[in-house]
Undergrad: 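Below is one structure. I have some questions about it.
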2 protein chains.
Amino acid sequence: MTTSRPVTLADVARQAGVSLATASRALNGSARVVRPDLAERVCAAAAELGYVPDPVAQSLARKSSNLVGLIVHDIADPFFSSIAAGAMRVADEMDMVLTLGATGRDPRREIALVTTMKLQRARALVLVGSRLTDDPEAEQRLATELEAFAANGGRVCSVRQPGLPGDVLQPDNRGGARELAAALAGLGHRHVAVIAGPEGVATSEDRLAGFREGLAAAGVDPGSIRVHRGRFDRDGGYAAGAELAADLSPTTCVFALSDVMAMGAVAALRERGVSVPDDVSVAGFDDIPTLRDTVPALSTVRIPLESIGERAARMALENPAPEEPRHVVIPAEVVLRASTAPPRAG
Amino acid sequence: MTTSRPVTLADVARQAGVSLATASRALNGSARVVRPDLAERVCAAAAELGYVPDPVAQSLARKSSNLVGLIVHDIADPFFSSIAAGAMRVADEMDMVLTLGATGRDPRREIALVTTMKLQRARALVLVGSRLTDDPEAEQRLATELEAFAANGGRVCSVRQPGLPGDVLQPDNRGGARELAAALAGLGHRHVAVIAGPEGVATSEDRLAGFREGLAAAGVDPGSIRVHRGRFDRDGGYAAGAELAADLSPTTCVFALSDVMAMGAVAALRERGVSVPDDVSVAGFDDIPTLRDTVPALSTVRIPLESIGERAARMALENPAPEEPRHVVIPAEVVLRASTAPPRAG
DNA sequence: TTGTAAGCGTTATCAA
DNA sequence: TTGATAACGCTTACAA
């Protein structure tokens with residue numbers, strides 16, 4: 001057996017005795033219709049020769065590839081990897097190739113990744129991750145780059161605060177935090193500390209704002225809320241937890257603005273002899289899968305991560321494109337588990 | 001401002017007053033050398049016009065793209081997402097675009113993904129995940145498809161048991177398990193249960209074999225080892241943990257063949273009133289990041305996941321390709337934490 | 001060293 | 001409806 005050159009469309013056309021154009025139309029859909037018997041001959045030839053279209057050549061000719069870009073901050077973070085799993089499933093299902101980009105939370109990197117996907121002629125882009133309210137310039141440049149992407153025929157769905165071109169899938173950060181506040185106040189907590197991300201991270205700010213609203217509605221003095229800020233990841237939570245442990249009173253409850261921060265915070269508290277929930281209650285946000293099995297199981301606000309990834313990919317890939325960009329709010333649900341309890345009497 | 005057509009190499013060549021060939025050689029490296037002053041003119045023109053090469057056209061002409069494929073079983077699993085994070089970093093660094101494929105542990109899907117990446121003319125492929133010893137036919141077809149990939153100029157690095165074409169990065173599953181066995185025996189355990197993946201999953205089999213060796217070397221009766229099998233994920237661990245809890249005695253120690261299985265097992269045990277490590281010790285394998293912060297912190301065998309991902313990507317992307325395929329064994333290190341303790345007296 | 005021109009494998013335009 | 005033929009944007013023999 002000779003080293004066989006890959007079968008091209010020209011081979012198929014020759015074998016079927018039709019032109020290149022007809023072969024192309026018959027095999028890879030087109031508006032044009034070909035006579036059934038010809039189409040049949042072409043398909044038979046293609047099958048016989050084992051023809052497989054070359055995606056690169058198609059991309060060049062069509063000015064559009066079968067790539068879908070997924071851009072996240074950090075794929076090792078369960079929040080993002082869960083969403084990625086959902087998006088993957090849809091990409092597979094639609095015979096698209098998923099590309100993955102990690103920004104490391106750097107807005108410039110994020111923009112560069114969009115540019116890359118534009119050059120690759122990606123058909124769609126799913127952008128996951130918080131807006132930065134304190135860097136409007138970067139946000140503007142991102143929007144511009146996304147416009148350029150869309151101008152090339154690409155579709156965009158961002159899992160994020162509204163404001164970018166394209167569809168938006170927005171977890172109800174504010175509402176979820178509000179309800180969590182109500183639940184915690186209902187348990188009797190009046191002195192809570194919040195472990196937040198850096199100022200300017202919109203997701204963190206939204207959750208904080210919602211939490212404040214919820215506490216206020218429950219009649220808790222807003223002045224009693226202590227806010228500790230740190231990086232929006234496990235280590236940021238750990239650092240804040242350490243600070244808190246050093247000076248806990250009168251705090252009876254800690255709300256970490258993400259589950260991974262909560263995980264770090266609980267570790268820090270525990271290492272310093274503060275018991276959860278006996279000494280202090282802790283709640284998080286996101287409901288990442290791994291924290292359901294821990295002790296104590298983490299109270300949190302559940303957002304359906306995999307299904308968000310799935311839905312975002314589906315919106316970005318859906319045909320035909322909607323007339324207007326869509327804005328969907330994903331409800332969040334409070335899940336009280338063992339890490340929260342009524343404050344200790346006295 | 002008019003809707004500007006993207007700048008092509010032809011534009012640059014015209015502007016610089018040289019041929020297309022010279023422009024190409026000056027901008028995108030080539031063996032050929034161009035006279036310095038011409039090169040200078042071309043670069044200036046490119047900069048002035050804001051020329052960016054079209055990766056799709058380059059891929060078609062070069063028969064090789066700037067895509068690196070990463071194939072894993074499940075991106076939501078921290079084992080794989082940690083490796084992915086490492087691979088991402090290297091891809092970024094080398095200006096490659098990373099594509100992600102998830103097999104769902106289906107060998108056919110795995111083969112299909114390799115085919116896809118071959119058609120995309122990916123430059124390299126990083127394949128992560130256990131070999132299936134009980135499906136030699138699938139393994140053979142995978143090998144064939146990888147050969148085809150390599151024949152197209154693609155490079156392969158698999159994080160896996162040896163046997164596939166290309167470089168191999170193999171965590172020392174057997175040795176790590178052996179040492180863990182020694183450590184557990186050293187604590188005094190004589191009746192251990194193993195929670196294993198399905199028969200035929202090589203990683204699981206290797207760890208089991210190493211563990212048996214280690215126990216035997218420590219003088220523990222091999223017949224005393226109970227093996228519970230289940231899916232090689234959290235739910236499989238949970239199911240096995242539930243079985244174990246129902247009939248624990250005389251087991252004093254459980255070794256789950258992966259951390260995620262251990263996590264499920266601990267949850268099941270706990271729900272049934274079995275305390276870890278008071279009633280039974282539990283150890284896992286992998287050292288996924290999230291389980292360092294749990295209570296009790298999980299004893300495990302550490303393999304450096306991110307760095308494995310990094311190294312695999314680097315091997316696959318390294319220039320020039322090595323003469324011979326490389327086989328690197330990554331040492332594994334026993335980490336004893338709070339989930340293991342000496343067996344309770346009596 | 002530079003330029004001409006022939007690919008790379010498809011799609012799309014336009015005339016028949 | 002079908003078929004030449006010109007893109008698509010770049011690389012690379014081969015010739016000058």
Undergrad: Side-chain donor-acceptor pair under 3.5 Å between Thr144(B) and Gln140(B), yes or no?
TA: yes
Undergrad: Output the rounded distance in Å from CZ (Arg5(B)) to P (dC8(D)).
TA: 8 Å
Undergrad: When the distance from CG of Leu60(A) to P of dC8(C) is rounded to whole Å, what number comes out?
TA: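 Spelled out: CG on Leu60(A) to P on dC8(C) is 14 Å.
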Undergrad: Do the charged groups of Arg89(B) and Glu306(B) touch, with an N to O distance under 4.0 Å?
TA: yes
Undergrad: What I want to find out is whether Arg141(A) reaches Glu145(A) closely enough, with some N-O distance under 4.0 Å, to be called a salt bridge.
TA: no
Undergrad: Indicate, with a heavy-atom threshold strictly under 4.0 Å, whether Pro6(B) touches base, sugar-phosphate, or nothing.
TA: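 Answer is nothing: Pro6(B) stays at 4.0 Å or more from every strand.
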Undergrad: Does either side chain, that of Gln161(A) or that of Gln170(A), offer a donor lying less than 3.5 Å from an acceptor on the other one?
TA: no
Undergrad: Taking 4.0 angstrom as the limit, do Glu318(B) and Arg326(B) come out as a salt bridge?
TA: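 Yes, Glu318(B) and Arg326(B) are salt-bridged.
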Undergrad: Could you tell me whether the phosphate oxygens of dG9(C), OP1 or OP2, come under 4.0 Å of any side-chain nitrogen or oxygen in Lys63(B)?
TA: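 Yes.
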Undergrad: Without decimals, in angstroms, what is the distance between Arg62(B) CZ and dG7(C) P?
TA: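 Arg62(B) atom CZ is separated from dG7(C) atom P by 20 Å.
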Undergrad: Measure all distances between protein nitrogen or oxygen atoms and nitrogen or oxygen atoms of nucleotides 2-6 of chain C, and list the pairs falling under 3.5 Å.
TA:
{"unit_1": "dT2(C)", "atom_1": "OP1", "unit_2": "Arg35(B)", "atom_2": "NE", "d": "3.0"}
{"unit_1": "dT2(C)", "atom_1": "OP1", "unit_2": "Arg35(B)", "atom_2": "NH2", "d": "3.3"}
{"unit_1": "dT2(C)", "atom_1": "OP2", "unit_2": "Arg35(B)", "atom_2": "N", "d": "2.7"}
{"unit_1": "dG3(C)", "atom_1": "OP2", "unit_2": "Ser19(B)", "atom_2": "N", "d": "3.1"}
{"unit_1": "dG3(C)", "atom_1": "OP2", "unit_2": "Ser19(B)", "atom_2": "OG", "d": "3.2"}
{"unit_1": "dG3(C)", "atom_1": "OP2", "unit_2": "Thr22(B)", "atom_2": "OG1", "d": "2.6"}
{"unit_1": "dG3(C)", "atom_1": "N7", "unit_2": "Arg25(B)", "atom_2": "NH2", "d": "2.7"}
{"unit_1": "dG3(C)", "atom_1": "O6", "unit_2": "Arg25(B)", "atom_2": "NH1", "d": "3.4"}
{"unit_1": "dG3(C)", "atom_1": "O6", "unit_2": "Arg25(B)", "atom_2": "NH2", "d": "3.4"}

Undergrad: In whole Å, what is the span from the CZ atom of Arg41(B) to the P atom of dT1(C)?
TA: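 Whole-Å distance recorded here is 16 Å.
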Undergrad: Over all strands shown, is Val12(A) touching base, sugar-phosphate only, or nothing at heavy-atom distances under 4.0 angstrom?
TA: nothing
Undergrad: When the distance from CG of Leu9(A) to C1' of dG7(C) is rounded to whole Å, what number comes out?
TA: 16 Å
Undergrad: What is the separation between atom CG on Asp54(A) and atom P on dC8(C), rounded to the nearest whole Å?
TA: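 Spelled out: CG on Asp54(A) to P on dC8(C) is 11 Å.
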Undergrad: Around Arg41(A), counting heavy atoms of other residues, nucleotides and ligands shown, do more than 12 lie under 6.0 Å from its CZ?
TA: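 Yes, because the 6.0 Å sphere around CZ of Arg41(A) holds more than 12 heavy atoms from other groups.
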Undergrad: Looking at Glu139(B) and Arg160(B), is any side-chain nitrogen of the basic one under 4.0 Å from a carboxylate oxygen of the acidic one?
TA: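 Counted as a salt bridge, because a side-chain N and a carboxylate O are separated by less than 4.0 Å.
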Undergrad: Would you mind reading off the bend of the helix from dT1(C)-dA16(D) to dA16(C)-dT1(D) from its two end axes, five pairs each, to 10 degrees?
TA: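 The end-segment axes of the helix from dT1(C)-dA16(D) to dA16(C)-dT1(D) are tilted 40° relative to each other.
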Undergrad: If you measure from the Lys or Arg side-chain nitrogens to the Asp or Glu carboxylate oxygens, is any gap between Glu93(A) and Arg109(B) under 4.0 Å?
TA: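 Salt bridge: no.
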Undergrad: Closest to the Gln58(B) side chain: dC8(D), dT11(D), dT11(C)?
TA: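 For Gln58(B), the side-chain atoms sit closest to dT11(D).
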Undergrad: Rounded to whole angstroms, how far apart are CZ on Arg121(B) and P on dC10(D)?
TA: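 Going from CZ in Arg121(B) over to P in dC10(D) covers 17 Å.
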Undergrad: Report the distance from atom CG of Asp11(A) to atom P of dG9(C), rounded to the nearest whole Å.
TA: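 So the two atoms are 9 Å apart, to the nearest Å.
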Undergrad: Give a yes-or-no answer on whether the side chains of Asn66(A) and Gln120(B) include a donor-acceptor pair shorter than 3.5 Å.
TA: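 Yes, Gln120(B) and Asn66(A) have a side-chain donor paired with an acceptor closer than 3.5 Å.
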Undergrad: Is the shortest side-chain N/O distance from Asn28(B) to OP1 or OP2 of dT11(D) below 4.0 Å?
TA: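 Answer yes for this pair, as a side-chain N or O of Asn28(B) is under 4.0 Å from OP1 or OP2.
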